[in-house]
Amino acid sequence: MAIQKLDNLDKQILRMVSEDARVPFLEVARACNVSGAAIHQRIAKLTSMGVLQGSQFVINPEKIGYETCAYMGLNLKNPENFDRVLEELKKIPEVTECHYTTGNFDMFIKIYAKNNHHLLTMIHDRLQPLGLSSSQTLISFYSAFERQLPVTSLGQETDDE
């Protein structure tokens, strides 16, 4: 994947929208000392470049009854079935992430469950039938923090860096 070249205006816009995706474009324009149309154009450019990938509200799983968060390393009996297993995992709404990995696992997923019994049922009824040779489950007691990669680390470099 190519690294996208961003100028200082792009970086300033990214800082603002990453802190609050609902910030009005006119407020961004004022802070950046450019027109509202320029911000709309830059946001469209950053989106088409794949730098920005939409905006969304974040739902707190515990507030809607999902008290257990787990990470699972999965090994497949037949690794050639990876694409099929991936498509099946996409059909399980409680699986919120899936990663290709190196190391001890073929895949690594993040899954939410209403409680430990629900997690056990999903492992037994939904995951094992996918053709797992083994799995390892780590239950998260509490998420100390979650964040996006900080845009502030981009700094205020010159355009020619």
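Computation of the quantities below employed the complete heavy-atom set of this structure, encompassing side-chain atoms and omitting hydrogens, waters and symmetry-equivalent molecules. By convention here, the first residue in the shown sequence is residue 1.
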Considering all heavy atoms, the nearest Gly73-Phe108 contact: CA-CD1, 3.7 Å
Spacing of Cys98 atom SG and Met72 atom CE [to the nearest 0.5 Å]: 11.5 Å
Going by heavy atoms in the side chains, are Ile111 and Met122 under 4.5 Å from each other? yes
Check whether any side-chain heavy atom of Thr68 sits under 4.5 Å from a side-chain heavy atom of Tyr112, and report yes or no. no
4.5 Å side-chain heavy-atom contact, Glu88 and Arg126: no
Test item: Leu74 and Leu130 side chains (from C-beta on) under 4.5 Å apart, heavy atoms: no
Should Gln128 and Ile123 count as side-chain neighbours, where that means a heavy-atom distance under 4.5 Å? yes
Side-chain donor-acceptor pair under 3.5 Å between Ser133 and Asn75, yes or no? no
Approximate separation, where rounding is to 0.5 Å, of Lys77 NZ and Ser134 OG: 10.5 Å
Is the backbone of Glu80 close enough, under 3.5 Å, to the side chain of Asn78 for a donor and an acceptor to pair up by distance? no
Gap between atom CG of Leu9 and atom NZ of Lys11 - 0.5 Å precision: 11.5 Å
Please confirm whether the backbone N or O of Arg84 pairs with a side-chain atom of Asn81, one donor and one acceptor, at under 3.5 Å? no
Below 4.5 Å, heavy atoms only, C-beta onward: do Leu14 and Leu52 meet side chain to side chain? yes
Residues that Asp106 engages under salt bridge (charged side-chain N to carboxylate O under 4.0 Å, His left out), provided they are two or more places apart: none
Rounded to the nearest 0.5 Å, how far apart are CD1 of Ile139 and CD of Glu67? 12.0 Å
Please list every donor-acceptor pair under 3.5 Å in which a side-chain atom of residues 21-34 meets a protein atom from a residue at least two apart or in another chain.
none

Is there a side-chain contact between Tyr66 and His118 (heavy atoms, below 4.5 Å)? yes
Is it the case that atom NZ in Lys114 sees more than 12 heavy atoms from other parts of the structure closer than 6.0 Å? no
Taking the six-membered ring for Trp, is the centroid-to-centroid distance between Phe82 and Tyr100 below 6.0 Å? yes
Would you say the side chain of Thr96 lies within less than 4.5 Å of the side chain of Ile109, judging by non-hydrogen atoms? no
Donor-acceptor pair, Asp10 side chain versus Asp7 backbone, under 3.5 Å? yes
Working to the nearest 0.5 angstrom, can you tell me the gap between Ser48 OG and Ile43 CD1? 11.0 Å
Answer yes or no: are there more than 12 heavy-atom neighbours, outside Gln148 itself, under 6.0 Å from its atom CD? no
Does Ile59, at its CD1 atom, have more than 12 non-hydrogen atoms belonging to other residues, nucleotides or ligands within less than 6.0 Å? no
Closest non-hydrogen atom pair between Ser143 and Ser140, with its separation: N-OG, 4.2 Å
How long is the gap from NZ on Lys90 to CD1 on Ile92, to the nearest 0.5 Å? 13.0 Å
